[in-house]
Amino acid sequence: ETGVTQTPRHLVMGMTNKKSLKCEQHLGHNAMYWYKQSAKKPLELMFVYSLEERVENNSVPSRFSPECPNSSHLFLHLHTLQPEDSALYLCASSQESGDGYTFGSGTRLTVV
Amino acid sequence: GIQVEQSPPDLILQEGANSTLRCNFSDSVNNLQWFHQNPWGQLINLFYIPSGTKQNGRLSATTVATERYSLLYISSSQTTDSGVYFCAVDTNDYKLSFGAGTTVTVRA
């Protein structure tokens with residue numbers, strides 16, 4: 001474990017389902033991130049939270065909804081996803097300076 | 001936005017060989033990091049190296065910020081070094097832009 005824990009590790013969901021991804025860090029970091037990694041593409045930054053405030057939303061469709069209730073927890077709520085949303089979703093945390101960037105193990109999401 | 005290019009895209013090594021991976025970036029950066037993603041998807045931070053040279057065991061990295069490139073050296077490669085190596089940069093904040101990665105396969 002790296003200090004950033006993601007659950008679940010694998011998720012299969014239908015296009016009409018609602019599910020949530022969870023991320024937890026106990027590193028004392030004050031910035032948390034969601035990244036998407038699709039096959040044959042570079043990692044794409046989706047959302048950034050700094051001091052529990054969302055500071056970045058990289059034109060992500062509204063069917064992805066993040067939530068950061070405190071500096072240790074980050075959620076990604078999913079609803080009415082499309083098959084092309086199937087990917088590895090990675091959570092990360094860091095100091096606000098970018099030092100100590102640490103990734104979780106990811107959630108492998110398959111939309112059927 | 002900033003462009004990050006990594007080369008080569010794929011690298012096959014015999015165990016014990018040395019290799020160099022390269023990362024070029026298109027603009028001045030605040031920070032550059034190297035990551036290794038193992039076959040199970042876990043991304044591990046190898047180096048936080050905005051400039052200069054750092055070493056960690058058989059791995060070392062050098063960033064020449066004025067010339068906008070960084071190199072990652074793997075010496076005496078082992079099968080556990082297999083995976084994808086990513087270079088990532090940020091310009092004036094902590095949001096990283098990743099290269100496409102170099103896939104390294106080390107054969108026994």
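Each chain gets a letter, A, B and so on, in the order the sequences are listed, and its residues count up from 1. Note that the structure is predicted; figures quoted are calculated from it, not measured.
- One hydrophobic cluster holds both B/Trp34 and B/Phe25 under the rule that ILVMFWY side chains link at heavy-atom gaps under 4.5 Å.
- Applying the side-chain hydrogen bond (donor to acceptor under 3.5 Å, both in side chains) rule to pairs touching residues 8-18 of chain B yields nothing, sequence neighbours excluded.
- In terms of heavy atoms, B/Gln33 sits closest to A/Tyr101 at OE1-CB, 3.4 Å.
- When all heavy atoms are compared, the tightest approach of A/Gly104 to B/Gln42 is O-NE2, 3.5 Å.
- For A/Leu45, the part lying under 4.5 angstrom from a heavy atom of chain B is the side chain only.
- In this structure, CZ in B/Phe86 is found 5.0 Å from CD in A/Gln37, a value given to the nearest 0.5 Å.
- When all heavy atoms are compared, the tightest approach of B/Gly99 to A/Pro42 is O-CB, 3.8 Å.
- Under the 4.5 Å side-chain contact rule for hydrophobic residues, B/Val29 and B/Phe35 do not share a cluster.
- Linking Ile, Leu, Val, Met, Phe, Trp and Tyr residues whenever their side-chain heavy atoms come within less than 4.5 Å places B/Leu46 and B/Ile74 in a single cluster.
- In this structure, no portion of A/Glu44 lies under 4.5 Å from any heavy atom of chain B.
- Take B/Arg107 and apply the salt bridge (Lys or Arg N to Asp or Glu O under 4.0 Å) test, not counting sequence neighbours, and it matches no residue.
- The local environment of CZ in A/Arg108 is sparse, with at most 12 non-hydrogen atoms from other residues, nucleotides or ligands closer than 6.0 Å.
- For B/Gln37, the part lying near chain A is the side chain, with the backbone staying farther off; criterion is any non-hydrogen pair under 4.5 Å.
- Side-chain contact between A/Tyr33 and B/Leu96 is absent, with no heavy atoms from C-beta onward closer than 4.5 Å.
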